[in-house]
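What you see is a predicted model, and the numbers here were worked out from it, not measured in a lab. Atom set for the values below is all heavy atoms of this structure, side chains included, hydrogens, waters and symmetry mates excluded. Chain A is the first sequence line, chain B the second, and so forth, proteins listed ahead of strands; every chain is numbered from 1.
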Amino acid sequence: MRRWIAHLDMDAFFASVELLRYPELRGQPVVVGGGSRHPPLVQPDGTRRFARLRDYAGRGVATTATYEARAFGVHSGIGLMKAAALAPDAVLLPTDFDEYKRMSRLFKQAVLEHVAQIDDRGIDEIYFELTDLPGAQDAVGDDPHGGVRAIAARIQQAVQAATGLSCSIGLSPNKLLSKICSDLEKPRGLTVITEADIAARIWPLPAKRINGIGPKANAKLDSLGLRTIGDLAAADPQGLIERFGRSYGSWLTEAAHGRDDRPLSYSRDPKSISRETTFERDLHAKHDREELGALFTRLCERLADDLKRKGVVAKSVGVKLRQDDFRIVTRELTMDRYTADAAVIRRHAGLCLKRMPLERRFRLLGVRAGHLLAADQAAEMPAGQEEGQLALPF
DNA sequence: TCTGGGGTCCTAGGACCC
DNA sequence: TCTGGGGTCCTAGGACCC
């Protein structure tokens, strides 16, 4: 019996959700990102007026772009100011995470009508197993894998019916290959591969298409002349281990040959919850003390709200800064009890802050709660009696 | 037109305990 | 006083992912 793992990825998810609301934008370059200060205005004649990328000023990035905008070179993660230089007339829409989360639940529910469990990888993608479904092992006509293909096609239709959105599915014997092949025929792709197809369909692809090879590893591979997955597969495994370490080096060889035995994971307890914000301009601990103090308190309050809403308490608290040179500095401490209280979090985060280098200006401030436990399993720490007794940087 | 916000996992050194 | 080895926890940084 052949093992079939599916990877389902929503097509240009955030942008597609926005197009459901604003169908008049279909066919146009649209970029989603950059805070919420640029919602469409409804004009007296009932039509909507949208912000254009050229009018944007700030530090936001694109979270998604429609395929039309991608044609200009605008992709997710790109700075909006840079995107505006590439496509000044593209429509800019604010990010509405609540709506994307709602649509995310809808598509996952639709898939769960067809399979018992999903491995949830975030807001717009999931894995699931089709191996044991009726017909999954059957050939259809001259297609030896027509059975699973038909099942996946039905799931695609179910997602479309439930959400009005399209998705792409990759089918293969493992997560690694399915993830790669869900991307091969986007949008509305349905791509099936087996071990026999690896040389022809996987090896020609750039090495960075492997989930787990990021910018750093890719640059290092590139400097070794290893550009494609095929190059990696042909490389001396011992040499990779020498350059990348035993663990990562041997994984590179396995991945390049399409070997991956990770099980699907059907439940996950959150390990940490965090809140962070990037300022409109770089701030300094001393010169902007008041502004930072208020921001810091606000972050701790929002974090405490998140903890309470999720019914968890935290044993550790951490603070993160991104300095003006983009270096990230973190400090973390373990508390003597669990808490979800904003004042307690703020006090311990303040202690972290005192240990941080604060000479430089910085652009981002974040607070993180770790070592989480379900609230009903932990006795909560009494709330901040020591408030205000410590001289904190801000 | 420099680069968001929310996560996970890994590594590695030092403290501390047996 | 000195010699160990093993195990766990804490902390900081970094790579990577969506």
Side-chain angles (χ1 to χ4, degrees), chain A residues 7-10 12-14 31-36 53-64 74-88 94-95 97 100-101 104 119-127 175-176 179 182-183 208-220 244-249 251-252 255 262 265 268-280 282 299 302-303 306 310 315-336 351-352 355-357 363-372:
Chain A
H7 179 256
L8 182 155
D9 195 90
M10 299 300 288
F13 184 52
F14 298 175
V31 177
V32 179
S36 51
L53 218 36
R54 65 150 47 84
D55 302 320
Y56 181 82
R59 291 177 151 175
V61 299
T63 49
T64 340
V74 179
H75 51 84
S76 70
I78 190 176
L80 288 176
M81 299 292 263
K82 191 172 174 187
L86 296 169
T95 319
F97 269 102
Y100 312 148
K101 277 188 226 155
S104 178
D119 180 343
D120 195 333
R121 301 312 296 183
I123 198 159
D124 71 341
E125 62 181 77
I126 55 177
Y127 294 95
K175 293 172 81 165
L176 180 98
K179 168 81 179 169
S182 68
D183 199 46
K208 63 170 175 287
R209 296 285 277 276
I210 291 175
N211 199 251
I213 299 182
K216 299 286 182 181
N218 190 245
K220 196 161 160 187
F244 291 90
R246 171 148 304 279
S247 165
Y248 194 74
W251 173 79
L252 283 172
R262 285 172 301 165
S265 127
R268 223 174 350 266
D269 296 325
K271 304 267 186 291
S272 70
I273 296 178
S274 66
R275 284 282 181 168
E276 63 186 50
T277 185
T278 296
F279 322 133
E280 289 183 23
D282 296 351
L299 283 171
R302 289 167 69 188
L303 182 59
D306 293 343
K310 304 207 167 169
K315 187 88 172 4
S316 69
V317 166
V319 174
K320 165 175 156 184
L321 300 183
R322 196 195 294 275
Q323 300 183 336
D324 53 3
D325 60 0
F326 244 73
R327 285 210 355 248
I328 288 170
V329 184
T330 61
R331 293 292 182 271
E332 182 187 345
L333 66 76
T334 300
M335 301 177 287
D336 56 4
L351 295 174
C352 292
R355 307 205 312 257
M356 307 187 97
R363 54 155 46 222
L364 170 147
L365 178 62
V367 184
R368 196 180 76 95
H371 293 103
L372 305 182

Open item on the list: Closest-nucleotide mapping onto DNA chain B: is A:Phe14 or A:Asp306 further toward the 5' terminus? I mean the 5' end.
Closed with: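 Result of the comparison: A:Phe14.
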Open item on the list: Using heavy-atom distances to pick each residue's nearest nucleotide on DNA chain B, tell me which of A:Asp324 and A:Lys310 is more 5'.
Closed with: A:Asp324
- [ ] Assign C:dC2 to syn or anti; the rule is syn for a glycosidic angle within 90° of 0 and anti otherwise.
- [x] anti
TODO: Assign C:dT1 to syn or anti; the rule is syn for a glycosidic angle within 90° of 0 and anti otherwise.
DONE: anti
Indicate, with a heavy-atom threshold strictly under 4.0 Å, whether [X] touches base, sugar-phosphate, or nothing.
X: A:Gly79; answer: nothing
X: A:Phe97; answer: nothing
X: A:Thr277; answer: sugar-phosphate
X: A:Lys179; answer: sugar-phosphate
X: A:Leu364; answer: sugar-phosphate
X: A:Arg355; answer: sugar-phosphate
X: A:Glu332; answer: sugar-phosphate
X: A:Ile126; answer: nothing
X: A:Ala217; answer: sugar-phosphate

For residues [X] and [Y], report the shortest heavy-atom separation together with the two atoms involved.
X: A:Ile123; Y: A:Ser104; result: O-OG, 2.7 Å
X: A:Lys175; Y: A:Ser265; result: NZ-N, 4.4 Å
X: A:Lys271; Y: A:Leu372; result: O-CG, 3.6 Å
X: A:Leu303; Y: A:Ala369; result: CD2-N, 3.9 Å

Open item on the list: For a 4.0 angstrom threshold against heavy atoms of chain A, report the outermost contacting nucleotides of DNA chain B in 5' to 3' order.
Closed with: B:dT1 to B:dT11
Open item on the list: Tell me whether the rings of A:Phe14 and A:Tyr100 are parallel (<30°), tilted (30 to 60°) or perpendicular (>60°).
Closed with: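 Judged by the thresholds at 30° and 60°, the geometry between A:Phe14 and A:Tyr100 is parallel.
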Open item on the list: Just checking A:Arg246: does its CZ atom have more than 12 heavy atoms from other residues, nucleotides or ligands closer to it than 6.0 angstrom?
Closed with: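 Check fails, neighbour count at 12 or below.
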Open item on the list: Looking at A:Arg262, I'd like to know if its CZ atom is crowded, meaning that more than 12 non-hydrogen atoms belonging to other residues, nucleotides or ligands lie closer than 6.0 Å.
Closed with: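 Enclosed: over 12 neighbouring heavy atoms sit under 6.0 Å from CZ of A:Arg262.
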- [ ] Compute the bend angle of the helix from B:dG5-C:dC18 to B:dC18-C:dG5 from the end axes (five pairs per end), rounded to 10°.
- [x] 0°
Task: NZ/NE/NH1/NH2 to OD/OE distance under 4.0 Å, A:Asp9 and A:Arg121 - done: no
Open item on the list: Can a donor-acceptor pair be found, under 3.5 Å and without considering hydrogens, that links the side chain of A:Thr64 to the backbone of A:Ala12?
Closed with: no
